[in-house]
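The next block holds one structure in the form of structure tokens; read it before the comments.
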Amino acid sequence: MKIAILPGDGIGTEIMAEAVKVLAVLDLKFETETALVGGAAYEAHGHPLPDSTLNLAKAADAVLFGAVGDWKYDKLERQFRPEQAILGLRKHLGLFANFRPAICYEQLTHASSLKPELVAGLDILIIRELTGDIYFGQPRGRRVAIDGHFPGAEEAFDTMRYSKPEIERIAHVAFQAARRRNKKVTSVDKANVLETFQFWKDVVTEVHAQYPDVALEHMYVDNAAMQLVKAPKAFDVVVTGNMFGDILSDEAAMLTGSIGMLPSASLDKSNKGLYEPSHGSAPDIAGQGVANPLATILSAAMMLRYTLNQPEAADRIESAVKAVLSAGLRTGDIWSEGTQRVGTRAMGDAVLAALSGKTITTTTTG
Ligand code: NAD
């Protein structure tokens with residue numbers, strides 16, 4: 001087994017170092033190879049996803065990705081911006097199913113902006129379709145309007161579209177994931193306004209016939225956004241398109257208090273995947289050694305579970321993370337009165353200590 005390690009930019013390199021330490025201590029048989037991606041790759045090779053990095057990602061069994069981006073690249077032509085590397089990897093690796101769990105650890109309920117009773121024990125899974133929708137639909141561009149409210153004015157346009165096989169495959173993924181959980185899928189659409197999402201709803205309903213043991217409900221995206229903050233625990237698996245999933249998965253992430261705690265996976269049809277924290281490169285705290293590495297460490301656990309077939313090792317990492325939280329260690333993003341503030345490296349060391357069954361102590365702050 002080979003894992004491609006792509007740390008990226010900003011805090012990406014800091015948090016990845018901790019995840020790599022954790023993987024190394026598990027004593028499992030796999031090779032790792034590291035490559036540049038994002039802004040770091042643009043600086044070195046003139047492209048955010050150079051061929052060498054893409055070829056490594058294709059050849060590997062799984063990719064562990066840190067984060068990319070920095071405001072200093074915002075003025076680059078779109079194709080050279082660091083974020084294009086993520087889109088390129090998704091496209092070239094055929095990653096179409098994005099898993100974004102939103103789990104609220106008992107020890108962190110106070111970090112949520114919602115009342116503790118609404119989020120305590122929250123464990124939901126948002127599954128976002130990644131390759132279609134308005135983000136990729138053609139045609140798109142700018143032109144002079146020939147009709148609409150202001151004919152002759154400059155306008156921009158994108159195209160929302162989904163084919164039946166695209167909807168079918170993500171629906172299967174969602175129903176199968178629900179079978180391993182609480183057997184309920186909420187399909188989120190905007191069927192009342194959009195043709196594309198009436199079609200989405202029809203196809204999901206058709207696929208559901210093959211999963212009579214799983215409950216299916218349909219919900220409009222505006223209602224889903226409200227229900228996520230009103231009664232989030234009523235959801236189990238949420239499946240939706242690329243744009244709605246982008247927005248709702250960030251909203252769900254915030255229910256848990258910190259984006260620094262949340263892993264994610266993007267899978268292809270044979271469960272090969274790219275695993276990454278749900279957050280970005282956090283240029284505001286990069287280089288300070290204060291970023292929370294737990295989302296990346298938990299992403300490594302997801303990788304062991306979904307792609308590398310090592311569920312016991314994944315369980316061990318997840319238990320070690322809970323032990324560290326129970327011991328009161330917190331990075332700045334999840335810190336609260338009465339807990340001990342630690343930096344990135346100390347948090348990684350504490351997970352290592354928990355994995356080796358040692359007492360978790362640290363005096364490192366920062
Ligand atoms: P961000 O997720 O990087 O940061 C948002 C806020 O959360 C910041 O205040 C940051 O300090 C904090 N934060 C994020 N991760 C943290 C962690 N592990 N520990 C502690 N605090 C953490 O989002 P942003 O500021 O909107 O974007 C910054 C850059 O990241 C941009 O260039 C953006 O395009 C890029 N980005 C990349 C990805 C990715 O690589 N997958 C995802 C989102 C954004």
Side-chain angles (χ1 to χ4, degrees), residues 5-19 36-43 48-49 53 57 63-76 78-91 93 95 98-100 108 111-113 128 130 135 242 245-247 249-254 256-266 273-300 302 321 324-325 329-336 339 341-348 351 365-366:
I5 304 280
L6 309 183
D9 307 319
I11 62 167
T13 50
E14 302 166 49
I15 54 183
M16 185 61 83
E18 303 312 311
L36 296 175
V37 73
Y42 174 76
E43 304 278 356
L49 183 59
T53 302
V63 179
L64 191 58
F65 186 95
V68 292
D70 192 296
W71 302 309
K72 71 180 176 192
Y73 302 115
D74 283 356
K75 292 212 164 59
L76 284 178
R78 189 166 298 279
Q79 55 170 323
F80 295 121
R81 292 196 201 157
E83 294 78 4
Q84 292 302 311
I86 307 172
L87 300 181
L89 282 165
R90 284 176 186 163
K91 185 169 153 210
L93 300 182
L95 307 174
N98 184 221
F99 281 44
R100 292 268 305 256
L108 298 179
S112 171
S113 43
R128 165 187 171 196
L130 271 187
Y135 287 6
N242 205 345
D246 189 2
I247 299 165
S249 59
D250 268 13
E251 184 188 355
M254 270 301 108
T256 70
S258 173
I259 205 161
M261 290 298 302
L262 294 175
S264 79
S266 303
L274 180 143
Y275 296 83
E276 56 175 330
S278 297
H279 57 74
S281 55
D284 54 334
I285 56 166
Q288 298 173 25
V290 297
N292 187 346
L294 294 180
T296 314
I297 291 171
L298 291 166
S299 300
M302 277 183 99
V321 167
V324 164
L325 294 175
L329 269 55
R330 305 282 189 271
T331 41
D333 56 314
I334 50 174
W335 180 84
S336 64
T339 60
R341 189 190 291 260
V342 297
T344 312
R345 199 185 294 170
M347 189 56 111
V351 175
T365 58

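Counting starts at 1 for both ligands and their atoms, in listed order. FYI, side chains are in, hydrogens and waters are out, and symmetry mates aren't considered; it's all heavy atoms of this structure.
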- Expected contact list for ligand 1 at under 4.0 angstrom, heavy-atom basis, is Ile11, Phe65, Ala67, Val68, Gly69, Asp70, Glu83, Ile86, Ile259, Gly260, Glu276, His279, Gly280, Ser281, Ala282, Pro283, Asp284, Ile285, Ala291, Asn292, Asp333

- Query: Has the side chain of Ser281 got a donor or acceptor atom that lies under 3.5 Å from a matching backbone atom of Ile11?
  - Reply: no

- Task: Spell out, as yes or no, whether a donor-acceptor pair under 3.5 Å connects the side chain of Glu18 to the backbone of Leu294.
- Result: no

- Task: List for me each residue that meets side chain to side chain contact (heavy atoms under 4.5 Å, CB included) alongside Ile247, sequence neighbours excluded, and say none if there are none.
- Result: Met243

- What residues form a side chain to side chain donor-acceptor pair (under 3.5 Å) with Arg128, not counting sequence neighbours? Asn242

- Message: According to ring pair (Phe, Tyr, Trp, His ring centres under 6.0 Å), who are the partners of Phe99, at least two apart in sequence or on a separate chain?
- Response: Tyr306

- Greater than 12 external heavy atoms within 6.0 Å of Arg90's CZ: yes

